[in-house]
There are 2 protein chains.
Amino acid sequence: MPKDPVTRNDVAEYAGVSTAVVSYVVNEGPRKVAPETRDRVLEAIRALGYRPNATARALRMGTTRTFGLITPDGGNPLFAELAKAIDREAAARGYVVLQTSADGDPETENAKIAELLTRQVSGLILVAPTEDPDLRDVEVPVIAVNRRLPAVSSVRPAYLDGARLGVEHLISHGHRRIGLVIGGAGHPERELGWRTALATAALPEGPVVRAPFSREGGYWAGRVLLRHEPTAIFASSDLQAIGVLRALHEAGADVPGDVAVVAFDGTPETEYTWPPLTVVRQPVEALAREAVRRLIEGEESVEALTVPTDLVRRRSCGC
Amino acid sequence: MPKDPVTRNDVAEYAGVSTAVVSYVVNEGPRKVAPETRDRVLEAIRALGYRPNATARALRMGTTRTFGLITPDGGNPLFAELAKAIDREAAARGYVVLQTSADGDPETENAKIAELLTRQVSGLILVAPTEDPDLRDVEVPVIAVNRRLPAVSSVRPAYLDGARLGVEHLISHGHRRIGLVIGGAGHPERELGWRTALATAALPEGPVVRAPFSREGGYWAGRVLLRHEPTAIFASSDLQAIGVLRALHEAGADVPGDVAVVAFDGTPETEYTWPPLTVVRQPVEALAREAVRRLIEGEESVEALTVPTDLVRRRSCGC
DNA sequence: TTGAAAGCGGTACCAG
DNA sequence: CTGGTACCGCTTTCAA
């Protein structure tokens, strides 16, 4: 027996006032209300269990105070952490986040974008979107996180500097043959960071393996890499590093004794691998904060905002 | 220069028809429209880039076709997997999911519930909610996942049978001193499953340690447990098992040689621990499917629906 | 200080 | 087959 929802009319009637007054009380404005009338209204609200209808409010106001958030995969720890941080950040500013996953599929991504726009989101946050999402006729602010997009504001970690930082750390441990595990095309910066660190130290370029950003991908890459006998490996994502670790264990290699490992990302999972991974940590909270801020403040700039990373030393590098 | 959104009025005017006709075309009903008129309208929609306003539609229809989803922590892999599955399942049925995290805090949880109701969600999915969420005056269907709640429909894995299955497997490997890592109060079933398996095999109860459902909690529990020298450990969650694994590695114990481990949950992370974890897998997809189905079909029953688990044999048990 | 009423965008009934 | 229009719940201007 789902009782009819209580509307503002019911409250007005119960309190013996007009609907306008109820509105003034609920929103604490824009007109003043006599304290005594106010109390009557509040009492009515409590008595009836009235809950304002945000849908109607949104229609009238033209804004939902809702952000749409699309990640390639909610099951990826990095994206989960990012989503969590964005949710928290948005909530703190009175926004709600409609979070959904594109399953790494461009078509699904476009369908989700359309769906979110239909629901009148006040802004769109695209985490690591595909190459070329359909953003025509989008009249709300959009921000890309962890990836640049033409004509769209974006926020991202310092991929190049971060990767260089990680590789330099490996070099400081005395490594001279440092392999790289990196994703497919379209992610040049971490690779460039690795290359730069090696060049600066006048070291030859170690082996490079391209594989998907997944545990499976890292495992496969690790096995391939082992044949080149590197003394250290820089993995461009946590997931890949975890796969590399497995390949190393299976081969009976000691980490960091035989092969040292450093990863890029720094999700919580890396603290509990064996051995714990030394990582270049993405500034997840800062990325979330900046993304939300830009959206709310309607940042016009299409310049990518780059947020610095930091090195977290654990066991896998030899520290 | 955010151009004004195109409304149904603009389309009607452009196509030279009434707004009603536009509505009939967009919704393919409830009245028929002459094919030629239809084409004019579709052309107008395309030309103007019209996108229906779901907010207005929801107001008129009284339903948003949106579910609210609250998890204790979006960063927890199990909840992330569950959320992902629910999102996918709901999308397949034309619903969108408003996903948010309660940060494991009852107050936040209640605030989020209120927030979601305010936004007129068509149903509420509470994943592993706290003891006693405030569900008064909730006029939409609610379903609890992975936890029973008074007077609320719920869906959950077979905790007891699953735990028993895991422990029996350990017993079949010849273990006779099997420790248990379990959460604090309020989760009696996995413990009972462990107890039942031991009793059935006429084995003495091994040591029990209660710790938070986290990697840290598991680590701590593992260290405590080691002092009792068990030959096997059943961890009631993946996260705890991962912590246990670290404690074991630090102590120089071989897994599964010195101590075997089996965990409950079976998130993807367990496939890549060292050694890979044998797990009792929660039927995440089935849980999601049933939760969404019950919500949509307005399941009245308050009986908890129990979905069976299955054992995934990997290395940590000695298989 | 309060009330009446217009209108946000869309739906669907009633007439034609 | 199509047009006109009342109404969903709420905000806010205008008038009282």
Side-chain angles (χ1 to χ4, degrees), chain A residues 2-42 44-45 48-66 117-122 139-140, chain B residues 2-42 44-45 48-66 117-122 139-140:
Chain A
K3 39 187 176 340
D4 285 331
V6 178
T7 77
R8 190 205 40 176
N9 273 300
D10 303 325
V11 176
E13 194 173 341
Y14 186 98
V17 300
S18 80
T19 59
V21 174
V22 179
S23 195
Y24 300 152
V25 171
V26 170
N27 305 321
E28 302 182 334
R31 294 276 167 286
K32 303 216 70 148
V33 174
E36 161 206 310
T37 315
R38 207 178 101 89
D39 289 346
R40 276 219 315 288
V41 173
L42 289 176
I45 289 176
L48 300 175
Y50 168 68
R51 205 179 283 114
N53 180 329
T55 295
R57 178 170 219 275
L59 175 58
R60 174 66 221 231
M61 306 290 273
T63 171
T64 53
R65 289 185 79 83
T66 298
L117 290 174
T118 252
R119 290 179 188 255
Q120 312 299 112
V121 292
S122 314
E139 58 280 274
V140 300
Chain B
K3 40 187 176 339
D4 285 329
V6 179
T7 76
R8 189 205 40 176
N9 273 301
D10 303 325
V11 176
E13 194 173 341
Y14 186 99
V17 300
S18 81
T19 59
V21 174
V22 178
S23 193
Y24 300 152
V25 171
V26 170
N27 305 320
E28 301 181 336
R31 295 276 170 285
K32 303 215 68 146
V33 174
E36 161 206 310
T37 315
R38 208 179 100 87
D39 289 346
R40 275 220 315 288
V41 173
L42 289 176
I45 289 176
L48 300 175
Y50 169 69
R51 205 180 284 114
N53 181 328
T55 295
R57 178 169 219 276
L59 175 58
R60 175 65 223 224
M61 306 291 273
T63 171
T64 53
R65 289 186 77 84
T66 298
L117 290 175
T118 251
R119 288 173 190 259
Q120 311 298 109
V121 292
S122 314
E139 57 281 275
V140 299

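So that the names make sense, note that chain A is the first sequence line, chain B the second, and so on, each numbered from 1.
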Exercise. Using side-chain hydrogen bond (donor to acceptor under 3.5 Å, both in side chains) as the criterion, list what pairs up with Arg57(A), not counting sequence neighbours.
Key: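 Partners of Arg57(A) by the side-chain hydrogen bond (donor to acceptor under 3.5 Å, both in side chains) criterion come out as none, since no residue qualifies.
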
I'd like a list of close polar pairs between nucleotides 14-16 of chain C and the protein, N/O only, cut-off under 3.5 Å.
none

Exercise. Compare every heavy atom of Val121(B) with every heavy atom of Val140(B), then report the nearest pair and how far apart it is.
Key: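 Closest approach of Val140(B) to Val121(B): CG1-O, 3.3 Å.
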
Quiz item: Closest to the Lys32(A) side chain: dT1(C), dG3(D), dG10(C)?
Solution: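 Closest of the options to the side chain of Lys32(A): dT1(C).
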
Nearest-Å distance for atom pair [atom1]/[atom2], residues [X] and [N]:
| X | N | atom1 | atom2 | answer |
| --- | --- | --- | --- | --- |
| Glu13(B) | dT2(D) | CD | C1' | 17 Å |
| Asn9(A) | dG3(C) | CG | P | 13 Å |
| Asn53(B) | dG9(C) | CG | C1' | 6 Å |
| Tyr50(A) | dG9(D) | OH | C1' | 7 Å |
| Arg40(A) | dG3(C) | CZ | C1' | 13 Å |
| Arg60(B) | dC8(C) | CZ | P | 16 Å |
| Met61(A) | dG9(C) | CE | C1' | 16 Å |
| Leu59(B) | dG10(C) | CG | P | 12 Å |

Acceptor/donor pairs from residues 48-56 of chain B side chains to any protein atom, 3.5 angstrom cut, sequence neighbours excluded:
{"unit_1": "Arg51(B)", "atom_1": "NH1", "unit_2": "Asp137(A)", "atom_2": "O", "d": "3.4"}
{"unit_1": "Arg51(B)", "atom_1": "NH1", "unit_2": "Glu139(A)", "atom_2": "OE2", "d": "3.4"}
{"unit_1": "Arg51(B)", "atom_1": "NH2", "unit_2": "Asp137(A)", "atom_2": "O", "d": "3.2"}
{"unit_1": "Asn53(B)", "atom_1": "OD1", "unit_2": "Thr55(B)", "atom_2": "N", "d": "2.7"}
{"unit_1": "Asn53(B)", "atom_1": "OD1", "unit_2": "Ala56(B)", "atom_2": "N", "d": "3.0"}

Touch class at under 4.0 angstrom, heavy-atom based, for [X] against every strand present:
| X | value |
| --- | --- |
| Ala34(B) | sugar-phosphate |
| Val22(B) | nothing |
| Val17(A) | sugar-phosphate |

Exercise. Sequence neighbours left out, what passes side chain to side chain contact (heavy atoms under 4.5 Å, CB included) with Val33(B)? Give chain and number order.
Key: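 Here the qualifying residues are Val21(B), Tyr24(B), Val25(B), Thr37(B), Arg38(B).
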
Quiz item: Taking only residues two or more places apart in sequence, or in another chain, which ones meet Ser122(B) in a side chain to side chain contact (heavy atoms under 4.5 Å, CB included)?
Solution: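 If we apply the side chain to side chain contact (heavy atoms under 4.5 Å, CB included) test to Ser122(B), skipping adjacent residues, the hits are Thr63(B), Thr64(B), Phe67(B), Tyr95(B).
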
Exercise. Report yes if a side-chain nitrogen or oxygen of Thr37(A) is closer than 4.0 Å to either non-bridging phosphate oxygen (OP1 or OP2) of dT2(C); otherwise report no.
Key: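 Yes.
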
Quiz prompt | Backbone of Ser23(A) reached by a side-chain donor or acceptor of Asn27(A) within 3.5 Å | solution =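 Here the side-chain-to-backbone pair exists.
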
Quiz item: Who are the salt bridge (Lys or Arg N to Asp or Glu O under 4.0 Å) partners of Arg40(A), not counting sequence neighbours?
Solution: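 Salt bridge (Lys or Arg N to Asp or Glu O under 4.0 Å) check on Arg40(A) returns Glu36(A).
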
